[in-house]
Amino acid sequence: MQARKHSNAQLTPIPLALIALLGSTSVWAQTAPASNAESAYVLETVIVKSQRRDEKLQDVPVAVKAFTAKQIEDSGIKSTQDFVNMTPNMSFDQSHTYSNSFLVIRGVTQLNNGDSPVAVVVDGVPQNDQKQLRMNLFDIQSIEVLKGPQGALYGRNAIGGALVIETKKPKNELEGFVKADFSSGNTREMGAGVSGALVADKVLFRIVGQTKSSDGIVNNVFTKKGSDFIDHDNSIRAKLTVAASDSVNLDFRVSSQDYRGGSNWDSLLRDGNPNKIVSPNENLMGVTWGKTNDYSFKAEVDTRLGLLTAISGYTDLISNHRADLDFTNPTNVLGGILGPVDYLFPGDPGQFGQGQDRHVRTFTQEIRLTSPSNQPLRWIGGLFYLDSQRDMETRAFIDFTGSFAGYDNLAVQLSPVGRDKLNGRASAVFGQFDYDINPQTTFSGALRYDSDHRSVTDLNSGSSIAHTFSAAQPKFTLTTHLDPSNMVYGTFATGFRSGLFNSTNSNTPMVKAETLQNFEVGYKSSFLDKRLILNMAAFNSKSKDFQFFYVKDFQQVIANIDKVDIKGLDIDFRFTPARGLEFDGGVGLTDSIIKANVAQPATVGKHTPKNSPWKVTLGAQYTTPIGNGLMGFGRFDMEQRSQKYFHPDNLTVADGFGLYNLRVGIRQEKDKWSVNLYGRNLGDKKYYTDVNAVSYSGWPGPVGAIGFLAPGRSVGIDATFRF
């Protein structure tokens, strides 16, 4: 980016007492090197790729939460759940199956078997399926969470933001690591990797792998086993980088994950109270199994106009599950969600099961041209294409045998077998420019046009429906540097989430596309000789045809809410008051209110489903020499969540609560090895990550709601050796 001139005016630092009351962990993606003297008291200069080019975090007019490899290790981040817990105005809740989750960002929600509210990009390749969002994170270089619509550069699913993950790159030097992790529930994780050069400076490789297993810590009181067990979760990833010439670089990436774990361990909440904790007691222990293979190729070519980048990706994903459907056992005379014994017909045991087989294949291609950064006018332009096919079969059955045998027995099917094939073809053209009006002020404009053709076929009847969803997504930003340490910006951006289809025999087979207009003002600053960083953003969004998910009459349904207004605030800070001591934190406020809903007019004025109005987090860590070339380390993290509204009627509301994590350890001064003790959810807080009430599910039995229980306290030890 072009160097800027600034005035000498200084803004008054805000009181440190106020900073101490803020919470969450604003951190860093890539860091520029600093001298030893400087690094003790000055926060790192953070380099991010949020605008598809390397820029300083404090210069990017986007609310970005970023994590470097060092912070990922210091915080013990091992999964999507871990870093989302540290991010204001964002939540991530596992529910349903081992690979399933619901993500909410600034009030915009995840859809089961639908599109994510964020564009998820790993090593430049979009992850287009919901089952790819719950990731085991190992050998990660950086994580960036971009908030607000990012469709101009990241696509139709970036209506709420974008999640950009970079894995570690190969290096010339031969290096590697071995890691072991043991924790509660007989949980075991092992990882290893090696990187080096096949041809020095020309052909580099990196191969990493991980395996995980667990007996589980969410106890099923009927089977006396862990509902959240992991039989195995094995992953391997290989990267090959080829410097074909001075101007051409080629990257090849292959990864595979194979897993088998728990599924659908919902508890029966007979009175519908989501604040009353009940353990799972199903007789059928749910199981999820699947495999995902990813292949990608990236070519970068330096041209006279700029950097030409082409990225191809292919994903083959299988995710199957079998589980209890009544969520109880034969000894319970009250029965489960479908009622007691003989509820449906004489001889009915009152026990039921469910299952789903899901196979997704996706190909993506992106080509973009990026101008050099050292000029007053900078631009990016590109094309995108996606081809996807999803085959899905869903069954519910009467359980006469206490096993999943009924899934394949048509004589005991509870409802017609659902068999659908979904095909999608999407294309887009996009571009963005940044123009320095003067050394302090930059105007940016961007536009993306998406066309998404989708069709769904009922394989039982042969009936099909199809539709093309399209939208233009403009974005305009004005950025001004008040001085070298203070920057303000204003943004108008639009987001688009494609429409889609429910089952062809649904009352509402087609779901409208969701669009969002976002107005945002932000402030980024540093004080006390760069020892304190404070970033704030206020936003006002208007959503049309807001999409949400629920279950009705044994069918998974996605529906629209006509109009939703979303207002909020993001605050992040970092502060280093002394050598080795750091604090980081933030506040997220989201007021997401239904303004019009023709289908359910009584919900107007209510919070949108899965909305949490606020979240506060705070982190503190200290690193100090302890002699003999060793460093002592300790980190404490706190996350305070507000109440959560699970459905549009706001009748099912979970109370707020706090989660506390601690991590202490020792490491070799040059990071050759480290050993850490850690505790997660130290207060052993019991809560439900997801709750489904009868009013939005339609089961006939006398059960008010079901809740998916989160794991309780977990303690463990991990050790890493590097060579």
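Along the sequence shown, residues are numbered consecutively beginning with 1. All figures in this text were calculated on a predicted structure; none of them were measured in a lab.
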(request) Look only at the side chain of R497 and the backbone of N157, and say whether a donor-acceptor pair between them is shorter than 3.5 Å. (result) no

(request) Answer yes if the side chains of N85 and R680 hold a donor-acceptor pair under 3.5 Å, and no otherwise. (result) no

(request) Return yes if a side-chain donor-acceptor contact under 3.5 Å exists between T689 and D93, otherwise no. (result) no

(request) State, without any angle test, whether N89 and D570 hold a side-chain donor-acceptor pair at a distance under 3.5 Å. (result) yes

(message) Using modelled atom types and a 3.5 Å cut-off, is there a donor and acceptor pairing between side-chain atoms of T87 and backbone atoms of M90?
(response) no

(message) Testing the 3.5 Å rule here: is there a donor-acceptor pair between the side chains of N535 and Q58?
(response) yes

(request) Starting from the C-alpha separation in whole Å, work towards a yes-or-no answer on side-chain hydrogen bond (donor to acceptor under 3.5 Å, both in side chains) for S444 and T477. (result) CA-CA 5 Å; S444 304; T477 303; 5.4 Å; no

(message) Please check: side-chain N/O of N661 versus main-chain N/O of N681, any donor-acceptor pairing under 3.5 Å?
(response) yes

(message) Using the rule side-chain hydrogen bond (donor to acceptor under 3.5 Å, both in side chains), only one of D434, T479, D436, D59 pairs with T442; which is it?
(response) D436

(request) Provide the closest heavy-atom pair for I380 versus R52 in the form atom of the first, atom of the second, distance. (result) CD1-CB, 3.6 Å

(request) Count the heavy atoms of every other residue, nucleotide or ligand shown that sit under 6.0 Å from NZ of K606, and state whether that count exceeds 12. (result) no

(request) Output yes when R574 and E582 qualify as a salt bridge under the 4.0 Å nitrogen-oxygen rule, no when they do not. (result) yes

(message) If we ignore hydrogens and angles and just use 3.5 Å, is the side chain of Q110 paired with the main-chain N or O of S101 as donor and acceptor?
(response) no

(request) Would you check, one step at a time, whether the test side-chain hydrogen bond (donor to acceptor under 3.5 Å, both in side chains) holds for T167 with D123? (result) CA-CA 7 Å; T167 62; D123 290 337; 2.6 Å; yes

(message) Taking R106 first and then D591, would you say they form a salt bridge - that is, a charged N and a carboxylate O separated by under 4.0 Å?
(response) no

(message) Tell me if the centroids of the rings in F443 and Y435 come within less than 6.0 Å of each other.
(response) no

(request) Please check if the side chain of T441 supplies one atom and the backbone of I437 the other of a donor-acceptor pair under 3.5 Å. (result) no

(message) Could you check whether K147 pairs with E520 (Lys NZ or Arg NE/NH1/NH2 to Asp/Glu carboxylate O, under 4.0 Å)?
(response) no

(request) Could you tell me whether a side-chain N or O of K475 sits under 3.5 Å from a main-chain N or O of L153, the two making a donor and an acceptor? (result) no

